[in-house]
Novice: 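The following block contains the structure, expressed as structure tokens.
Whatever order the structure lists them in is the order used to number ligands and atoms, beginning at 1.
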Amino acid sequence: MNHQSLAAHWMPFTPNKGFKTQPRMLTGAKGMYWTTDDQRQVLDMTAGLWCCNAGHGHPHIAEAIARQARTLDYAPCFGFGHPLSFELSERLAALAPGNLNKVFYTNSGSESVETALKMALAYHHARGQGGKQLFIGRERGYHGVNFGGISVGGITSNYKAFGQWLPVDHLSHTQDLALNAFSRGLPLHGGVDMANELERLIRLHDASRIAAVIVEPITGAGGVLPPPAGYLKRLREICDRHDILLIFDEVICGFGRTGEAFASQTFDVLPDIMTTAKGLTNGAAPMGAVFAGDHIYQAVVDEGGPGVEFFHGYTYSAHPLACAAAMATLDIYEQGGLLRRGAQGGDIASYFEQGLHSLKGLPGVIDIRNYALLAAVEFEPLPGKAGASGAMIQSAAWEQGVMLRALGDAVAMSPPLIIEKHHVDQTVGILEQSIRRLYG
Ligand code: PXG
């Protein structure tokens with residue numbers, strides 16, 4: 001492929017000019033490996049973009065999508081239905097914790113976040129509390145790229161050119177290297193104190209103005225930050241005390257990433273609304289799902305007036321091909337016990353943890369953190385090039401046959417849940433070489 005032919009595609013979240021002079025092309029994928037255009041096999045330690053939890057190229061999913069395309073390619077979802085979306089919803093509600101029994105479909109994590117924020121506003125409005133319109137997000141939180149998501153999100157580069165168009169404030173992020181560097185599993189220190197910052201924000205803004213708090217149970221794109229012990233429970237307690245909804249953005253954490261179907265189960269904290277996408281279809285079709293508690297549905301729908309109760313939805317909500325992909329994906333997750341395979345303290349997560357923490361002491365490594373099958377290694381910023389080292393380590397690892405995710409001065413890993421020990425060995429070996437090459 002000559003470089004001229006790359007000109008028309010404006011690529012997302014990519015240094016376009018850099019990519020087009022040095023393209024990295026993926027042409028196939030199977031199990032744990034990508035095939036590249038120069039016929040290399042590259043180990044996928046990122047599950048695509050945190051989404052291919054069952055590994056790539058599963059024939060059961062491919063066949064389900066193909067069969068569905070031949071049977072019912074599309075069905076309008078406003079005022080009409082198709083049986084598969086109801087079947088899928090029953091299955092998802094059974095998998096979800098507590099009273100998160102109502103499922104609303106979107107096409108992405110970003111749309112799931114917008115949907116959850118609107119559900120929160122609709123809930124308060126329906127209960128005569130329309131003044132509750134402010135959202136509390138968190139520094140370094142990633143909630144997609146639409147205007148609501150970048151407002152509650154806490155990654156400056158994602159909103160600085162676009163603004164924050166919702167009334168918002170943000171909790172501090174939870175990374176504290178002085179307290180918790182090189183933690184294995186949940187960081188042990190400071191969780192309750194960090195969550196208590198929410199009390200201060202409530203005093204500042206007043207509970208009568210606050211609709212919801214939205215956090216990722218484990219911060220993902222902001223650097224893989226497992227919550228310090230006690231943090232999420234404390235957030236829940238404070239929200240309950242002030243009639244503030246708690247939204248968990250489980251777009252990355254959902255579908256087995258933390259060793260249960262959902263992180264709310266792993267950490268035993270039940271949100272009012274939960275956003276998902278990614279692993280829902282194993283990345284094979286675009287789809288998101290928002291899980292709402294029965295109380296949300298009851299206030300907005302059951303007790304709503306006649307006619308449309310929630311003025312929200314997408315042309316492709318509950319798209320038949322995506323529903324088919326999700327059903328087949330759930331089959332695979334269930335058959336292999338895959339959703340629990342990566343649990344923290346289990347065989348493969350412990351091996352992963354051991355392997356990564358063996359890199360402690362290498363030059364330039366300032367933190368290693370992990371929970372279940374999520375991990376990050378963080379590097380000292382290079383002089384005059386803060387934020388660049390992750391991409392440099394990523395490039396070096398890519399050349400040696402392992403795909404990592406670069407996040408500023410860190411690399412992140414979120415491998416498919418089918419990962420085996422030899423994949424961990426390969427990754428740790430190549431990481432060590434790449435780090436030595438850069439930091440000598
Ligand atoms: N919420 C969370 C927690 C996410 O991680 C989204 C929402 C948005 O999902 P969509 O499907 O709209 O992309 C995400 C997505 C990265 C990276 O930097 C992370 C995501 C997407 C792309 C890249 O590693 N997360």
Side-chain angles (χ1 to χ4, degrees), residues 11-15 19 44-53 105-117 135 137-159 170 173-174 212-227 232 246-255 257-258 262-264 271 273-291 314 316-317 319 322 325-326 371 373-378 387 390-391 393-394 403-415:
M11 297 173 69
F13 272 124
T14 298
F19 182 94
D44 179 11
M45 283 300 289
T46 62
L49 277 178
W50 329 72
C51 53
C52 306
N53 293 2
Y105 294 104
T106 71
N107 309 291
S108 65
S110 297
E111 289 180 358
S112 289
V113 167
E114 304 303 300
T115 300
L117 299 177
F135 291 97
R138 187 168 58 185
E139 196 182 356
R140 292 176 69 174
Y142 185 82
H143 300 294
V145 291
N146 293 341
F147 277 104
I150 60 172
S151 301
V152 293
I155 298 180
T156 315
S157 49
N158 289 353
Y159 62 75
H170 295 80
H173 68 74
T174 60
V213 170
I214 177 167
V215 293
E216 301 156 84
I218 297 180
T219 300
V224 181
L225 306 174
L232 294 174
L246 180 61
I247 303 171
F248 276 176
D249 185 347
E250 296 224 19
V251 166
I252 284 178
C253 291
F255 300 100
R257 182 57 54 200
T258 68
F262 302 103
S264 57
I273 304 173
M274 176 171 80
T275 57
T276 69
K278 295 191 188 273
L280 169 60
T281 60
N282 204 39
M287 184 178 227
V290 181
F291 294 71
Y314 303 98
Y316 301 124
S317 286
H319 193 285
Y371 191 90
L373 288 179
L374 258 182
V377 179
E378 185 159 338
I393 297 284
Q394 181 198 39
M403 185 194 267
L404 306 170
R405 183 95 192 105
L407 300 176
D409 282 310
V411 288
M413 283 150 274
S414 58

Novice: Considering heavy atoms of the protein only, find what lies nearest to atom 21 (C) of ligand 1 and give residue, atom and distance to 0.1 Å.
Specialist: Lys278 NZ, 3.4 Å
Novice: Distance-only, no hydrogens or angles: does the Glu216 side chain make a donor-acceptor pair with backbone N or O of Asp249 under 3.5 Å?
Specialist: no
Novice: Tell me, please, which residues at least two apart from Ala221 pass side-chain contact (heavy atoms from CB on, under 4.5 Å).
Specialist: Tyr142
Novice: Taking 4.0 angstrom as the limit and counting only heavy atoms of His143, give me the atoms of ligand 1 inside it, by number and element.
Specialist: 1 (N), 7 (C)
Novice: Distance to 0.1 Å, residue and atom name: give those for the protein heavy atom nearest to atom 16 (C) of ligand 1.
Specialist: Arg405 NE, 3.1 Å
Novice: Would you call Trp50 a ligand 1 contact, heavy-atom distance under 4.0 Å?
Specialist: yes
Novice: Of Ala116, Gly408, Pro286, Gly109, which has the heavy atom at the shortest distance from atom 11 (O) of ligand 1?
Specialist: Gly109
Novice: Can you tell me which residue and heavy atom of the protein come closest to atom 2 (C) of ligand 1, and the distance to 0.1 Å?
Specialist: Tyr142 O, 3.3 Å
Novice: Is there a side-chain contact between Leu225 and Arg140 in this structure, where contact means two heavy atoms from C-beta onward sitting under 4.5 Å apart?
Specialist: yes
Novice: Which is closest to atom 7 (C) of ligand 1 in terms of heavy atoms, Gly48, Cys51, Gly254, Gly144?
Specialist: Gly144
Novice: Can you confirm whether Tyr159 is buried at OH, in the sense that more than 12 heavy atoms of other residues, nucleotides or ligands lie under 6.0 Å from that atom?
Specialist: yes
Novice: Where the side chain of Arg257 meets the backbone of Asn53, is there a donor-acceptor pair that is under 3.5 Å apart?
Specialist: no
Novice: Do Val290 and Ile273 come close enough that some side-chain heavy atom pair is under 4.5 Å?
Specialist: yes
Novice: Which protein non-hydrogen atom lies closest to atom 1 (N) of ligand 1, naming both residue and atom, and how far is it?
Specialist: Asp249 OD2, 2.7 Å
Novice: How close does the nearest protein non-hydrogen atom get to atom 22 (C) of ligand 1, and which residue and atom is it?
Specialist: Leu49 CD1, 3.7 Å
Novice: Can you list the atoms of ligand 1 that are under 4.0 Å from a heavy atom of Glu216?
Specialist: 3 (C)
Novice: For the residue pair Phe262 and Phe255, categorise the inter-ring angle as parallel (less than 30°), tilted (30 to 60°) or perpendicular (more than 60°).
Specialist: perpendicular
Novice: Pull out every atom of ligand 1 sitting under 4.0 Å from any heavy atom of Ser108, numbered as shown with elements.
Specialist: 11 (O), 12 (O)
Novice: State the atoms of ligand 1, each with its element, that fall below the 4.0 Å cut-off from a heavy-atom position in Ile252.
Specialist: 5 (O)
Novice: For atom 13 (O) of ligand 1, what is the closest protein heavy atom, and at what distance to 0.1 Å?
Specialist: Ser110 OG, 4.4 Å
Novice: Ignoring hydrogens and angles, tell me if any N or O in the side chain of Glu114 forms a donor-acceptor pair with the backbone of Gly148 under 3.5 Å.
Specialist: yes
Novice: Ignoring hydrogens and angles, tell me if any N or O in the side chain of Ser414 forms a donor-acceptor pair with the backbone of Thr46 under 3.5 Å.
Specialist: yes
Novice: With a cut-off of 4.0 Å, which atoms of ligand 1 are near a heavy atom of Ala221?
Specialist: 16 (C), 18 (O), 19 (C)
